[in-house]
Structures are given as structure tokens and as C-alpha cells.
Amino acid sequence: MPFWLMKSEPDVFSIADLQRKRREAWDGVRNYQARNYMRQMAVGDEVLFYHSSCAQPGVVGIARISRTAFPDPTQFDPGSEYFDPGSKPEDPRWSAVEVEFLASFPEVIALDALKSMPGLAEMPLVKRGNRLSVMPVEPEQFAIITAMARTRTKR
DNA sequence: GCCAACGTTGGC
DNA sequence: GCCAACGTTGGC
């Protein structure tokens with residue numbers, strides 16, 4: 001089962017928001033590489049939920065894909081900040097998926113901690129200058145991060 | 001708020 | 001198709 005990591009600014013949409021709403025469309029992605037990854041997602045894929053552009057950036061929980069890629073409605077909405085006048089309804093440029101809440105970690109797995117793990121060195125997330133907001137995660141990497149979350153819970 | 005890194009745009 | 005200018009991301 002494939003695994004992914006998706007970034008969200010908690011001021012805009014946090015893991016607590018997802019927990020409360022249970023399911024939410026993941027829209028507004030306007031990067032082709034990220035979009036292409038979203039189009040590869042399958043129902044049941046697990047997602048590391050990452051908080052970015054905040055006081056403590058890091059992985060904060062787990063979500064699950066509950067609907068595969070569909071045309072992102074915000075691209076056709078002139079009132080949306082994600083409106084894309086170049087995208088045509090007959091040939092939508094941008095995709096969204098739907099995610100479902102699975103778990104919220106009791107503590108943030110901080111970016112610092114992720115950077116210090118040798119097994120995570122190949123993740124785009126920890127590489128300098130990388131800004132990708134949706135990325136695949138190797139099963140081994142997913143296991144390391146969820147184990148970090150469990151270790152923290154026990155202390 | 002700063003700024004490095006990177007993606008996109010648009011003139012040529 | 002090149003590439004400079006510009007905009008955005010995201011950690012700090």
C-alpha cells in the first residue's frame with residue numbers, strides 16, 4: 001500500500017480541523033509534480049499529515065485517501081484564491097483528492113527530529129531547498145516516522 | 001521579516 | 001528554446 005506525505009499550513013487547515021470534519025477535499029494544489037502524485041493516489045493509501053509554515057513544522061498525524069483524484073472545483077471559481085483562468089472545464093488542469101482522518105499524534109514529530117534520522121535522509125522533505133508539498137513516502141520511512149510517534153507517546 | 005531555492009512567465 | 005525577471009514556498 002503506497003504512502004504519502006502532504007503539507008498543510010495549520011493556519012489554513014490543520015490536523016485538528018481534519019479530525020473535527022473527519023473528511024475533507026485536499027484542493028488548491030498548484031504544482032504539477034504534486035498534482036501528478038495526487039493522481040496516483042488510491043483509496044486506502046495512508047498519508048503523513050505535515051504542518052508547514054508554522055512555529056513547529058513537522059508530522060502531526062495520519063490521514064487516509066478516501067477518494068481518488070477529481071477535478072479541483074476551486075480552479076473554476078473566480079472567487080477562489082486558487083482560481084485558474086487558464087483551466088477549462090472540458091480539460092481541467094488541477095486535481096484534488098479527499099482525505100479522511102486516521103490519527104493525531106500527541107506530539108509533533110518535528111522537522112529537526114526527522115532530519116536527524118539516517119533512514120529518512122532520502123526524503124525530499126528533509127532535502128535542502130525542496131518545496132514539494134505532496135510526496136511519496138517509502139514503507140520503511142513511514143514505519144520509522146510512525147515508530148517515532150509511538151516512542152514519544154510512551155514517555 | 002528575511003532570504004535561499006526553485007518554478008513559472010514572457011520577451012526575444 | 002533560452003534565460004532574466006518575477007513570484008512562491010517554507011524554514012528560520
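In what follows, chains are A, B, ... by sequence order, proteins preceding strands, each numbered from 1.
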Whole angstrom is fine here: how far is it from [atom1] in [X] over to [atom2] in [N]?
X     : N     : atom1 : atom2 : answer
A:E81 : C:dG7 : CD    : P     : 17 Å
A:Y82 : C:dG7 : OH    : P     : 19 Å
A:N31 : C:dG7 : CG    : P     : 18 Å
A:Y32 : C:dT8 : OH    : P     : 15 Å

Residues which pass side-chain hydrogen bond (donor to acceptor under 3.5 Å, both in side chains) with [X], listed by chain and number, not counting sequence neighbours:
X      : answer
A:R93  : A:D84
A:K88  : none
A:S14  : A:D17
A:K127 : A:E122

With side chain to side chain donor-acceptor pair (under 3.5 Å) as the test, would you mind laying out the steps for A:R30 and A:T74 before giving the verdict?
-> CA-CA 11 Å; A:R30 294 295 180 269; A:T74 64; 2.9 Å; yes
What pairs meet the ring pair (Phe, Tyr, Trp, His ring centres under 6.0 Å) rule with one or both residues in [range], with sequence neighbours excluded?
range                       : result
residues 101-136 of chain A : none
residues 42-64 of chain A   : A:W26-A:F49, A:F49-A:H51
residues 120-149 of chain A : A:F3-A:F142

If one requires at least 3 consecutive Watson-Crick or G-U pairs with distances under 3.5 Å, the stems of DNA chain C turn out to be B:1-12 with C:1-12
Using a cutoff of under 3.5 Å, can you pull out all pairs of nitrogen or oxygen atoms linking the protein to nucleotides 9-12 of chain C, with atom names and distances?
{"residue": "C:dG10", "atom": "OP1", "partner": "A:K7", "partner atom": "NZ", "Å": "3.2"}
{"residue": "C:dG10", "atom": "OP1", "partner": "A:R131", "partner atom": "O", "Å": "2.6"}
{"residue": "C:dG11", "atom": "OP1", "partner": "A:Y50", "partner atom": "OH", "Å": "2.8"}
{"residue": "C:dG11", "atom": "OP2", "partner": "A:S53", "partner atom": "N", "Å": "3.0"}
{"residue": "C:dC12", "atom": "OP1", "partner": "A:K115", "partner atom": "NZ", "Å": "3.3"}

Note: with side-chain heavy atoms under 4.5 Å as the link, the other cluster members for A:Y32 come out as A:W94
Under 3.5 Å between N/O atoms: give me all the protein pairs with nucleotides 2-5 of chain C, atom names plus distance.
none

By side-chain contact (heavy atoms from CB on, under 4.5 Å), A:E138 pairs with (sequence neighbours left out) A:E140, A:Q141
